[in-house]
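First comes the structure, then the notes that go with it.
Both ligands and their constituent atoms are indexed starting at 1 by order of listing. Sequence positions, counted from 1, serve as the residue numbers for this chain.
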Amino acid sequence: MSGEVNPFESLQEQIDDAAAYLDAGDDVIERLKHPERVLELNLSVERDDGTVERFEAFRSEFNGDRGPYKGGIRYHPNVSRDEVKALSGWMVYKCAVVDIPYGGGKGGVVVNPAEYSTAELERMTRAFAEELRPFIGEDTDIPAPDVNTGQREMNWIKDTYETLEGRTEPGVVTGKSLDTGGSEGRVEATGRSVMLTAREAFSYLDKEMEGADVAVQGFGNAGSVAASLVDDLGADVVAVSDSSGAIYNADGFDPRDVKQHKNETGSVSDYAESEESMTNEELLTLDVDLLIPAALENAIDADLAEDVRADVVVEAANGPLTPGADDVLTDADVYVFPDILANAGGVTVSYFEWVQNRQRFYWPEERVNDELERHIVSAFDDLTEAFERRDLPNFRTAAYVVAVQRVVDAYRKSGNWP
Ligand code: GLU
């Protein structure tokens, strides 16, 4: 893991790389490289022993030209102002690439949730929701789950908001549990779009998914679901990892069984079917057909990229490759399908949840999965069309060319600007 690369600078570099192929004007591009506003908070939360602890928290609202700000809330000790700014910018371009009517936002609290009780996390989340209340709403800014948050936290945010507002507004937050206004298919949605992107990528590149060797770095929600769904397509998931380390089996694992083991024991590391344990870095440099980085930013920097031997990389995490790594992999003809397409299933099904909440009319899972597939396949086709027509260096630049153009169009056609 590289601690050196600032993700906000990576985002800006990715936008500049795409802008070089667009006729958008430097002034407009400059505007699209900075958040509209960043809220910085200090939450005072009572611990179970009666003492009060201060938690630093952020919410960045990056751009609202295409719709309300949209994006998750992350609980992690490495959360920082620049990380949240970067993640909120990636949301803008992610929503644009799959063409859903949202801008981008992201929030975070600097905390390791494993060190706190459920009651403490509930008080912290409700304190954050109270502070966010003037800024969020179904037409303004809509939080969702991200690293270390899920249905439980979203339910707390919705309940706090609705109690203070004195009305129901389930669409204020997405990723809720089914019984409080969540959508079928939302939990699996990020992993599902990773699988769909990998499937489309393999078909585009004339590669067989049946029997392909796959390594998955990170076995949280996105990584474990992606692993199970590519396994369903006939691929062999030969290596998986989490923060405890990586496991390998040349014949492939049953990802659902590994997930059950992780749920029971807290980690993948001592799974019985493992032939060999290795580090996360060793997993990332395995000679596989498909590599899925599904953990955090900067997992692969330029140095590590020199050793990557996968044919195709599909990014389940946000920002797992540094711009330096992108350059190395482009030169080495490793095909990278970027986060803003591959993991966009999460926010796409969040959009379906929000539509269902607003209509008070709920869809069966089959409809959710069909609509998701339609959005991801159509975005994949837009991206490869731009890649070929403009002779772009890689698929990330193609995704940003499509996405930045859509945001520029929304901005200019609002009529307020020349
Ligand atoms: N946190 C997810 C992401 O990075 C989902 C965001 C959402 O559903 O709004 O895309």
TODO: Could you tell me whether Arg186 approaches ligand 1 through its side chain, its backbone, both or neither, with non-hydrogen atoms closer than 4.0 Å?
DONE: side chain
Task: For atom 8 (O) of ligand 1, closest protein heavy-atom neighbour - done: Ser350 OG, 2.6 Å
- [ ] Find all atoms of ligand 1 within a distance of less than 4.0 Å from any non-hydrogen atom belonging to Asp146, and give their numbers and elements.
- [x] 1 (N), 2 (C), 4 (O)
Task: Numbered atoms and elements of ligand 1 in range of Gly71, under 4.0 angstrom, heavy atoms - done: 9 (O)
- [ ] Evaluate ring-ring contact (aromatic ring centres under 6.0 Å, His included) for Phe337 paired with Phe380, printing each intermediate quantity in order.
- [x] CA-CA 9 Å; Phe337 289 84; Phe380 186 93; 5.6 Å; yes
TODO: Output yes when Glu122 and Arg126 qualify as a salt bridge under the 4.0 Å nitrogen-oxygen rule, no when they do not.
DONE: yes
- [ ] List every atom of ligand 1 that sits less than 4.0 Å from any heavy atom of Val347, numbering the atoms from 1 in the order shown and giving each element.
- [x] 7 (C), 8 (O), 9 (O)
Task: Carboxylate-amine/guanidinium proximity below 4.0 Å for Arg123 and Asp48 - done: yes
Open item on the list: Show me which atoms of ligand 1 lie under 4.0 Å from any heavy atom of Lys94.
Closed with: 3 (C), 4 (O), 10 (O)
- [ ] Indicate yes or no: does an N/O atom of Pro145 lie under 3.5 Å from an N/O atom of ligand 1?
- [x] yes
Task: Charged N-O contact under 4.0 Å between Glu188 and Arg192 - done: no
Open item on the list: Is Arg74 close enough to touch ligand 1? Criterion: a residue heavy atom under 4.0 Å from a ligand atom.
Closed with: no
TODO: Could you list the atoms of ligand 1 found under 4.0 angstrom from a heavy atom of Lys106?
DONE: 1 (N), 3 (C), 4 (O)
Task: atom 7 (C) of ligand 1 [closest protein heavy-atom partner, distance rounded to 0.1 Å] - done: Ala144 CB, 3.3 Å
Task: Reported OH-to-CD distance for the pair Tyr161 and Glu169, which is rounded to 0.5 angstrom - done: 4.0 Å
Task: Element-labelled atoms of ligand 1 that are located less than 4.0 Å from some non-hydrogen atom of Gly346 - done: 8 (O)
Open item on the list: Ring of Phe8, cation from Lys85 - is the NZ or CZ under 6.0 Å from the centre and inside 45° of the axis?
Closed with: yes
Open item on the list: Show, in sequence, the C-alpha distance, side-chain angles and deciding distance for Phe253 and His261, and conclude whether the ring-ring contact (aromatic ring centres under 6.0 Å, His included) test is met.
Closed with: CA-CA 12 Å; Phe253 294 111; His261 174 83; over 10 Å; no
Open item on the list: Tell me the nearest of Met154, Met91, Lys70 to atom 9 (O) of ligand 1, using heavy-atom distances.
Closed with: Lys70
Open item on the list: Please confirm whether Gly175 approaches ligand 1 to less than 4.0 Å, judged on its heavy atoms.
Closed with: no
Open item on the list: Is it true that, when you exclude Glu388 itself, more than 12 heavy atoms of the residues, nucleotides or ligands shown sit nearer than 6.0 Å to its CD?
Closed with: yes
Task: Asn343 N/O to ligand 1 N/O under 3.5 Å - done: no
Open item on the list: Under 4.0 Å, heavy-atom basis, I'd like to know which part of Asn318 is in contact with ligand 1: side chain, backbone, both or neither.
Closed with: side chain
Open item on the list: Applying ring-ring contact (aromatic ring centres under 6.0 Å, His included) to Tyr116 and Phe55, what does each step give before you reach the verdict?
Closed with: CA-CA 12 Å; Tyr116 295 86; Phe55 293 91; 5.4 Å; yes
Open item on the list: Minimum heavy-atom separation for Ala295 and Ala317, please, with both atom names.
Closed with: O-CB, 3.3 Å
